[in-house]
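Residue numbering restarts at 1 for every chain, and letters A, B, ... go by the order of the sequence lines. Please read these numbers as outputs of a predicted model, since none were measured by experiment.
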Amino acid sequence: MDRVHRIDCAGRTVREINIEIRSELARGSSVAVANSGARHNLGVALLTSGRVTFDGSVGYYGAGMSDGATIVIHGSAGWGVAEGMLSGSVSVEGNAGNGAAASIRGGTVVVKGDCGARAGISMKGGLLLIGGDAGYMASFMMQKGVVVILGNAGDALADSMYEGVVYVGGEIASLGNDAVVSDASPDDMNTLSGLIRQHGLKQPRRLRKVVSGRKLWNFDHAELETWRAAL
Amino acid sequence: MVGVFIRTTEAMCGIAGYLDKKSGQAPVGKKLLLMLEALGQRGPDSAGLALFGTGVLGREICWVKLPEHGDREDAVVDALELIGSVAHVRAHRLTDGLLRAEIERRTTAAEFCAKVESSTVSLEIISLGSRLELVKQVGAPSNVTRLFDANGFRGSHGIGHTRLSTESRVDLSHSQPFWARGVPDLATVHNGHITNYHRLRRVYEQQGVRFFTENDSEVIGVYLADQLARGFSLEDAMKHSLADLDGSFTYLVATPDYFGFARDPFALKPLLIVETDDYVALANEEVAIRYALNNAGVAQEPSGNVYRLWRRPAVLAAAS
């Protein structure tokens with residue numbers, strides 16, 4: 001059984017808290033953080049494996065730039081949660097603000113509630129699983145990876161995405177430029193339902209699949225209107 | 001303690017709002033000051049509150065800014081004389097260059113403003129309303145308490161602001177909240193930048209509207225006042241503002257009966273909502289809500305192109 005090291009944030013700076021989290025992970029402990037109080041930059045740049053839990057909300061850029069850690073937030077997260085993650089996982093029990101899982105290259109980000117605008121913006125790999133709704137421009141300029149939105153998606157979904165796949169269980173308010181929608185295949189459904197079950201989320205009746213139309217990859221005069229709309 | 005407790009990486013205006021669902025006599029001033037304290041790192045230049053209490057029937061509160069230079073006693077005499085020509089002055093008090101008068105107005109709000117602000121010693125009406133106390137001051141949120149006992153204020157709701165000046169000068173006039181000039185009891189706070197401000201201002205100035213600052217946030221109140229004058233509801237006015245205002249904005253709005261927010265289509269400025277059975281709290285960082293209130297309720301960030309109004313519970317309206 002892992003040793004669990006407890007950290008109380010009250011009266012301490014974010015830097016002190018983060019240094020303690022890192023040193024305890026390096027010693028092989030799990031870390032339980034109390035009184036996080038939605039403060040910013042908590043649990044950033046955790047580059048070792050190990051488990052870190054926050055008993056409440058975190059503020060901006062929580063659990064960003066991590067590589068290998070398993071981070072659980074028993075509350076909500078502000079802007080840019082898990083931004084730039086390389087590997088490991090971040091799980092948000094509540095809702096996330098704008099730019100959740102921005103630019104991640106690998107690993108798994110799970111938001112059990114809703115996400116604000118631009119969830120999964122510029123993702124370069126990894127998986128973002130959203131139990132609720134995603135706001136405006138989810139997966140904007142995504143380059144690789146998978147985004148699963150079990151609720152509804154807001155306007156301009158997957159705008160100007162290069163590659164990667166977005167699945168949506170609910171309604172899509174509108175598609176972004178060069179986003180192409182189809183129904184998910186039975187194979188996709190099988191793979192995803194296992195994943196959804198694993199995280200204890202509600203299975204959607206069906207999933208729609210959104211990919212890049214690849215019309216913006218190279219400039220073509222014939223596509224001038226598409227370019228005008230995108231730029 | 002707070003300096004150690006809160007370190008933000010992003011410094012931009014902080015906005016906060018609080019609506020008590022259970023009591024019209026809640027310590028809203030104290031709660032909002034705590035929220036602003038937690039948001040203080042978003043902007044240390046100035047701070048202010050617009051608070052809604054029970055008021056006195058038939059009586060209004062008017063805050064007037066006196067000129068920064070010149071003989072203050074002359075200015076007070078001038079102000080009271082001008083106010084007295086269009087209203088009965090029931091009580092008045094002078095603090096830090098601001099005159100607070102309790103009045104019974106005998107003319108329209110627009111005529112009242114025009115009369116008082118016609119003074120040769122440049123008076124500026126900061127707010128007017130039967131329920132609204134609007135106080136603002138240069139410096140940290142706690143400076144506001146020099147003007148007014150915000151910590152002791154009891155009411156149903158309010159909005160607050162702490163400012164990082166980016167576009168215009170730092171003084172009391174350029175601070176927020178802004179009263180929507182001409183509409184008693186309507187106040188706004190704004191985080192962001194209204195990029196079509198100059199165009200809108202030119203249009204309103206051609207219609208005779210007088211602007212008192214170079215702060216782009218001032219135009220939001222002017223815009224809402226104009227929409228209301230055209231016969232639209234506050235809700236419609238806010239809906240229209242999503243298309244008519246350009247740039248980045250999250251603004252909060254409050255009247256005696258309503259409290260809400262509007263956000264630009266790109267959701268460029270943050271806003272967190274926590275709603276419980278007891279209250280609605282709005283702030284552009286959740287840390288303000290957790291610091292000032294408690295851990296109840298889940299924070300949620302709405303998407304862009306969204307506005308929302310909460311109505312003050314009718315039971316409270318009837319009680320006050």
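- With chain A as partner, the option from Ala288(B), Pro302(B), Pro265(B) having the largest number of non-hydrogen pairs under 4.5 angstrom is Pro265(B).
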Yes or no on side chain to side chain contact (heavy atoms under 4.5 Å, CB included) for His40(A) and Glu285(B), after CA distance, side-chain angles and deciding distance? CA-CA 9 Å; His40(A) 306 304; Glu285(B) 296 180 22; 2.4 Å; yes

Pair up each side-chain donor or acceptor in residues 164-181 of chain A with any protein partner under 3.5 Å, not counting sequence neighbours, and list the distances.
unit_1	atom_1	unit_2	atom_2	d
Tyr167(A)	OH	Asp188(A)	OD1	3.4
Tyr167(A)	OH	Asp188(A)	OD2	3.3
Ser174(A)	OG	Asp155(A)	OD1	2.9
Ser174(A)	OG	Ala156(A)	N	3.0
Asn177(A)	ND2	Asp159(A)	OD2	3.1
Asn177(A)	ND2	Ala229(A)	O	3.4
Asp178(A)	OD1	Lys215(A)	N	3.3
Asp178(A)	OD2	Arg214(A)	N	3.1
Asp178(A)	OD2	Lys215(A)	N	2.9
Asp178(A)	OD2	Leu216(A)	N	3.2

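- Looking at Asp114(A) and Gln300(B), their side chains do bring a donor and an acceptor atom within 3.5 Å of each other.
- Within the structure, no pair that satisfies the salt bridge (charged side-chain N to carboxylate O under 4.0 Å, His left out) test touches residues 74-85 of chain A, not counting sequence neighbours.
- Within a 6.0 Å radius of NZ in Lys239(B), other residues, nucleotides and ligands contribute 12 heavy atoms or fewer.
- Here the straight-line distance linking atom CZ of Phe266(B) with atom CE of Met137(A) works out to 6.5 Å at 0.5 Å rounding.
- Here the side chain of Asn95(A) pairs no donor or acceptor atom with the backbone of Val298(B) at under 3.5 angstrom.
- Scanning all heavy atoms of the two residues, the minimum distance from Glu286(B) to Ser76(A) falls at OE1-CB, 3.8 Å.
- Between the side chain of Arg290(B) and the backbone N or O of Arg39(A), no donor-acceptor pair lies under 3.5 Å.
- One finds the OH atom of Tyr136(A) at 9.0 Å from the CG atom of Asp264(B) (value rounded to the nearest 0.5 Å).
- Contacts between Leu293(B) and chain A at a heavy-atom distance below 4.5 Å are absent for every atom of the residue.
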